[in-house]
Amino acid sequence: MERPIGMFDSGFGGLTVARAVIDLLPHEHLVYIGDTGRYPYGPRPQEEVREFAHQLAWSLVKEYDVKAIVVACNTASAAALDELEAEMPVPVIDVVAPGARALVGATRSGKVGVIGTVGTIGSGAYDKAVAATGADVHLTSAACPGFVEFVERGQTSGDEIHILAERLLAPVHDAGVDTLLLGCTHYPYLARVIADVMGPDVTLVSSADETAFVARDRLRAAGLLRAPGGEPAEHRFLSSGDISWFADLGGRLLGPELRDAAQWHHD
Ligand code: DGL
């Protein structure tokens, strides 16, 4: 099945999921759109994020003929997943349910935490997703406004971000969680800072790997996996913002597959 997998995020965050998908499914073609022209999604009303998600998903289907869509953004998953699942003609894979499963699977004490954007945390999507696992855990949530902006600027360490992290992580730190889910796909790029603030006893988990496994299983079940052995897989990256910045920072964050980027326009 030669059609690509489509992925989108508000910007660079979904590249953490793209990395996992490329590593797990090296033969698959991929089209990734980073909506850097309109990031951050976190502070925006759900209605607006839903509209953006709708535009991105339909663009992937109509213009790039993708065989599945990975919503590599928690904020967009929280706002639009139900609607996308109902209306898209291809399988839609989100990051929230896989993240919740990874979280409850990793805890020993049952005290778990999730951090995400204001939109994600405010939506209650993780409360629902964790409850849906049926695991006997206590979840503490904290929104981390500002983290995404640091990553989009390419700033992933330093005093400024450390001070912000100490303040924003206080609720999950004080709750004594033993496992913390990075419930925003940008946050793995801040994992060193977050781990430093949370301390060595707290396990950080991200949804990237679990989401890649779900993508593989869904594609396999639908008979949509691409067979190995043909032309090398093609990875295309698009951005609604400055494409030279997307190629530059994206290449540093994702790795050599992201050598250049093309412009994406929404209608
Ligand atoms: N990476 C996105 C997420 O997982 C959100 C970033 C944003 O606020 O734009 O929620």
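Counting convention: from 1, in listed order, for ligands and their atoms alike. Each residue takes its place number in the sequence, starting with 1. The basis for the numbers below is simple: all heavy atoms, side chains too, and nothing from hydrogens, waters or symmetry mates.
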Undergrad: Would you tabulate the polar-atom pairs, meaning N/O of ligand 1 against N/O of the protein, with distances under 3.5 Å, reported to 0.1 Å?
TA:
unit_1	atom_1	unit_2	atom_2	d
ligand 1	1 (N)	Asp9	OD1	2.9
ligand 1	1 (N)	Thr185	OG1	2.9
ligand 1	1 (N)	His186	ND1	2.7
ligand 1	4 (O)	Asn74	N	2.8
ligand 1	4 (O)	Asn74	ND2	3.0
ligand 1	4 (O)	Thr185	N	2.8
ligand 1	4 (O)	Thr185	OG1	3.3
ligand 1	8 (O)	Tyr41	N	3.2
ligand 1	8 (O)	Gly42	N	2.8
ligand 1	9 (O)	Ser10	OG	2.6
ligand 1	9 (O)	Tyr41	N	2.6
ligand 1	10 (O)	Asn74	N	3.3
ligand 1	10 (O)	Thr75	N	3.0
ligand 1	10 (O)	Thr75	OG1	2.6

Undergrad: Centre-to-centre under 6.0 Å for Phe237 and Phe246, is that the case here?
TA: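 No - the distance between ring centres of Phe237 and Phe246 does not fall below the 6.0 Å cut-off.
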Undergrad: Of Glu234, Lys67, His235, which is the lone residue that meets side-chain contact (heavy atoms from CB on, under 4.5 Å) with His29?
TA: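 Only match with His29 under side-chain contact (heavy atoms from CB on, under 4.5 Å): Glu234.
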Undergrad: Test: salt bridge (Lys or Arg N to Asp or Glu O under 4.0 Å). Region: residues 206-220. Which pairs qualify, not counting sequence neighbours?
TA: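 Only Arg101-Glu210 qualify under salt bridge (Lys or Arg N to Asp or Glu O under 4.0 Å).
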Undergrad: Return yes if some donor-acceptor pair links the side-chain N/O of Asn74 with the main-chain N/O of Thr120 below 3.5 Å, else return no.
TA: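 Absent.
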Undergrad: Restricting to salt bridge (charged side-chain N to carboxylate O under 4.0 Å, His left out), what partner residues turn up for Asp260, sequence neighbours left out?
TA: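 By the salt bridge (charged side-chain N to carboxylate O under 4.0 Å, His left out) rule, Asp260 matches no residue at all.
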Undergrad: With Tyr187, which residues qualify under side chain to side chain donor-acceptor pair (under 3.5 Å), at least two apart?
TA: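 Tyr187: no side chain to side chain donor-acceptor pair (under 3.5 Å) contacts found.
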